[in-house]
Visitor: 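Please see the structure below; I have some questions.
Sequence lines set the chain letters: A, B, ... in the order given, protein chains first and strands last, and positions in each chain run from 1.
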Amino acid sequence: MEIIIDVKGLTRTFGDVTAVNNISLSVQKGELFGLLGPNGSGKTTMIKCLTGQLKPTSGEVRVMGLDAVAQPVRVRELVGITPEQETPPSFLTAEEYLHFVGHIRRIADIESQCGFWFDFLEFGDKRDVLCKDLSRGTRQKLMVAQAFLHKPGLVLIDEPLINLDPIMQRKIKNYLTEYVKGGGTVFLSTHILEIAEEICTRIGIIHQGNLIREGPVAEIRSSSKHLEEFFLDAVRGDPHA
Amino acid sequence: MLEIPRRSPSGIFSNRVPINTIPRRSLSGILSNRVPTNTIFTAMLKEEWRVHSTLFGSAGFALFPLLLVFFATAGALFWPFFSDVLPAQTAVILIHSCYLLAGASVGGFGLFGREVMNRRFGQASMIAYSSRSLPVSEQAILLNFFLKDTVYYLFFWVFPFVAGLAFAAPFIGLPILSVIRMLATLSLSFLLGLSFVFLLSTIYVHSPRTLLGILVAAAAGAAFYAHSVNAGVISLLPPLALYYRPSPLLLLTTLVLIIVPSAISVRFLKVEYREETRRFPETLDRLVGILAWSPDSHLIAKDALDLNRSEGGAGKVVFSFLFPVMFIWIALFILLRFIPMLSQLMVFAILLGVISSTIYNWVTEFDLFTSYAFLPVEVGTVIRGKLQSYGLLNLVSVAILVAAGLGTGQVTLLLPALLTFASISFYAVAVTVYVGGLSPSIMLYNAKVYLPYLGLIIPVLLVLLFVSIPNPWFALSSLCLIPPGWYILRKALFRWTAWEQPSF
């Protein structure tokens, strides 16, 4: 199988704080990998290192065969990213923002792409509203849409469903599952365990910057434990988890 | 089974704090707000300090006023060498005018309401949002914000300058009483400029036409007063008059001129509670089409929409750029009385070149690089787009310069003045980009950043001003700034692209 994300000995520190500590990890094509961890465990730092937004203090990061440190812009050309906190620019409308991303990514059929996402995520009636006047949920839909506009082979999503209603959450979960079946790869970071248990094919648990567990979700399902139990045991340091 | 607590609807809702029932308050009401004013004020001061010290380190931030002390001392010590060209009275007028201008340049609170608080330091000004979650009115918040900014600017801009003068005073024969008087009158000049523009910007938000009418009437009134009474500039600026002729009545008049506009502005502040959603037809692509000559047309188009749709609109440019430029033009009139060999147009072109670089601050105000960081864009590309927006906005400067040249009949000097302006503007913005990247308005508060900025701008400015005195055409030597400007800009793009962007 083709390896899409290959991380070796990744460490990232901020002053005295080690946000990510010597993590090695690989994600194969067609996987829906879930990085789980409590708040502040290093998930967002990990995604930023994978996409060249942050330079690792040490270690190697290869994404879709590219060195994310040496070619961060090229990596971001190939992948789609839904960040956790960043919001679309305040004074563009939702439609203008998607067009703006389309210009940056040089997407030829931006109009049809926009049409699809407005329909699919059901916010076409907000296309002419300034981003700063959009609800939090609609902004999140917009950020999800911008990540898929250029039909990337890999999408990295940081807390993807946190502001969405259950109907929209279901839609996006289904979409991600279909996207992976179609040959795409997803790297998902979340602390909502139900999402990971439901749609991920493999998970890793990060705690205090360390990758403390990693494995297929099917193995957890086949055991008597729920993911929540498994997660809590892992974070609390149960060696049998 | 899920149990619902047995409470009557009235019981559930009766103890609710009414939402949005804080009426427009009188000033006394604002001042007697139940949340102690000093709580917000103290917290805002702490916040201001921590925002800056977090960004630059406490030492870097604290060094800023020390730098001003140093420059003021050095300037005062060297003043006797060029006192023939710049007599004491002219220097005093210019210093007071500069502080009036400095106050005016930070007084545009009324323009932006809530937005100015947000934009001042990115998303960091949390206390400014207290009215959303605490029983504090927007007016009370703004009053505290105003007072905090006043204290902050006095400590960072006025007091260090006067301290520098005080250090130099014994060596240049300046009586200590004059220094003390200057501490008071410079503070008052600053506050006068601040409160005046605060009021104008508040009027602008309510009615731009009224503002235009007031400005025309005020200019006509000032001109008539100065002409009919032959009073001169000293009488037009009360703190300046107070410096020369201290009197309780003049002090009272000055205080009234400061307090009344500020109080009116706080009382009638229009806080933009845009509950309605703002809708616009797709405009980005149309602008991209118009700007198709640039590979960064989408970035320029975004800047244009940001500038146009953000609160304050074109008023931002008026208050932060046209006012200072107008002031410089007027100040040059005064200066010409004392230095008749100065070419007003050429000196104006030189100063306009430096002032115009502040336009770059505007085009970098609306977004942080974090908005782009997850897209395939380099910092250098974003800066390149901002520079092109800067170039286009600078057409306003060109228009002003052309109008000034034609208006004063100095047509022969117009072309060299334009070339001088363009080369200085290019050099100044290159330096600004080098030291401040995409956040110059924040970075320049760091002494370690501000010092190289001044070091690269001031000597060049002084040299050009001096060489233009014997012959205005000599100012064309500013064209020599283009190669170093180009070099600095290249270094800046490399520097900022290599750096991880700070998030504020």
Visitor: Determine, stepwise, if the pair A:Glu96 / B:Arg286 fulfils salt bridge (Lys or Arg N to Asp or Glu O under 4.0 Å).
Guide: CA-CA 11 Å; A:Glu96 284 170 347; B:Arg286 193 161 54 81; over 6 Å; no

Visitor: Under the criterion side-chain contact (heavy atoms from CB on, under 4.5 Å), which of A:Asp133, A:Asp128, A:Val129 is the partner of B:Arg278?
Guide: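 Among A:Asp133, A:Asp128, A:Val129, the one that satisfies the side-chain contact (heavy atoms from CB on, under 4.5 Å) with B:Arg278 is A:Asp133.
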
Visitor: If you look at every heavy atom in B:Leu375 and A:Val101, which pair is closest and at what distance?
Guide: CD2-CG1, 4.0 Å

Visitor: Taking side chain as everything from C-beta outward and backbone as N, CA, C, O, which of these in B:Thr283 sits under 4.5 Å from a heavy atom of chain A? Side chain, backbone, both or neither.
Guide: both

Visitor: Using side-chain contact (heavy atoms from CB on, under 4.5 Å), reason through A:Phe100 and B:Leu299 one step at a time and then give a plain yes or no.
Guide: CA-CA 8 Å; A:Phe100 180 69; B:Leu299 296 172; 3.7 Å; yes

Visitor: What residue in A:Glu95, A:His99, A:Arg127 has the most heavy-atom pairs under 4.5 Å with chain B?
Guide: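 Greatest number of close heavy-atom pairs with chain B: A:His99.
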
Visitor: Would the number of heavy atoms belonging to other residues, nucleotides or ligands and lying under 6.0 Å from CZ of B:Arg490 be above 12?
Guide: no

Visitor: Above 12 or not: heavy atoms from other molecules or residues under 6.0 Å from CG of B:Leu395?
Guide: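 Enclosed.
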
Visitor: Between A:Val75 and chain B, which part of the residue has a heavy atom less than 4.5 Å away: side chain, backbone, both or neither?
Guide: neither

Visitor: Is there a side-chain contact between B:Leu284 and A:His103 in this structure, where contact means two heavy atoms from C-beta onward sitting under 4.5 Å apart?
Guide: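 Result yes, sub-4.5 Å side-chain heavy-atom pair found.
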
Visitor: What are the two closest heavy atoms between A:Val73 and B:Glu378, and how far apart are they?
Guide: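 Taking A:Val73 first and B:Glu378 second, the nearest heavy atoms are CG2-CG, 3.3 Å.
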
Visitor: Which one of A:Arg76, A:Arg105, A:Lys126, A:Gln146 has the most heavy-atom pairs closer than 4.5 Å to chain B?
Guide: A:Arg76

Visitor: Give a yes or no on whether A:Lys171 atom NZ has more than 12 heavy-atom contacts from other residues, nucleotides or ligands under 6.0 Å away.
Guide: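 Buried by this count: over 12 neighbours within 6.0 Å.
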
Visitor: Can you name the nearest heavy-atom pair linking A:Phe91 to B:Asp306, along with the distance?
Guide: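 So the minimum-distance heavy-atom pair works out to CB-OD1, 3.3 Å.
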
Visitor: Output, in order, the C-alpha distance, side-chain angles, deciding distance and verdict of side-chain contact (heavy atoms from CB on, under 4.5 Å) for A:Lys48 and B:Phe374.
Guide: CA-CA 8 Å; A:Lys48 286 188 172 176; B:Phe374 53 89; over 6 Å; no

Visitor: Ignoring hydrogens, what is the shortest heavy-atom contact between A:Gln53 and B:Ala373? Give both atom names and the distance.
Guide: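 Closest approach of A:Gln53 to B:Ala373, heavy atoms only: CG-O, 3.3 Å.
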
Visitor: How close do B:Arg309 and A:Leu92 get, counting heavy atoms only, and between which atoms?
Guide: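 Nearest pair, atom of B:Arg309 first, then A:Leu92: NH1-CA, 3.9 Å.
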
Visitor: Can you tell me which portion of A:Thr93 sits under 4.5 Å from chain B's heavy atoms? Options are side chain, backbone, both or neither.
Guide: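 Backbone plus side chain of A:Thr93, per the 4.5 Å heavy-atom cut-off to chain B.
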
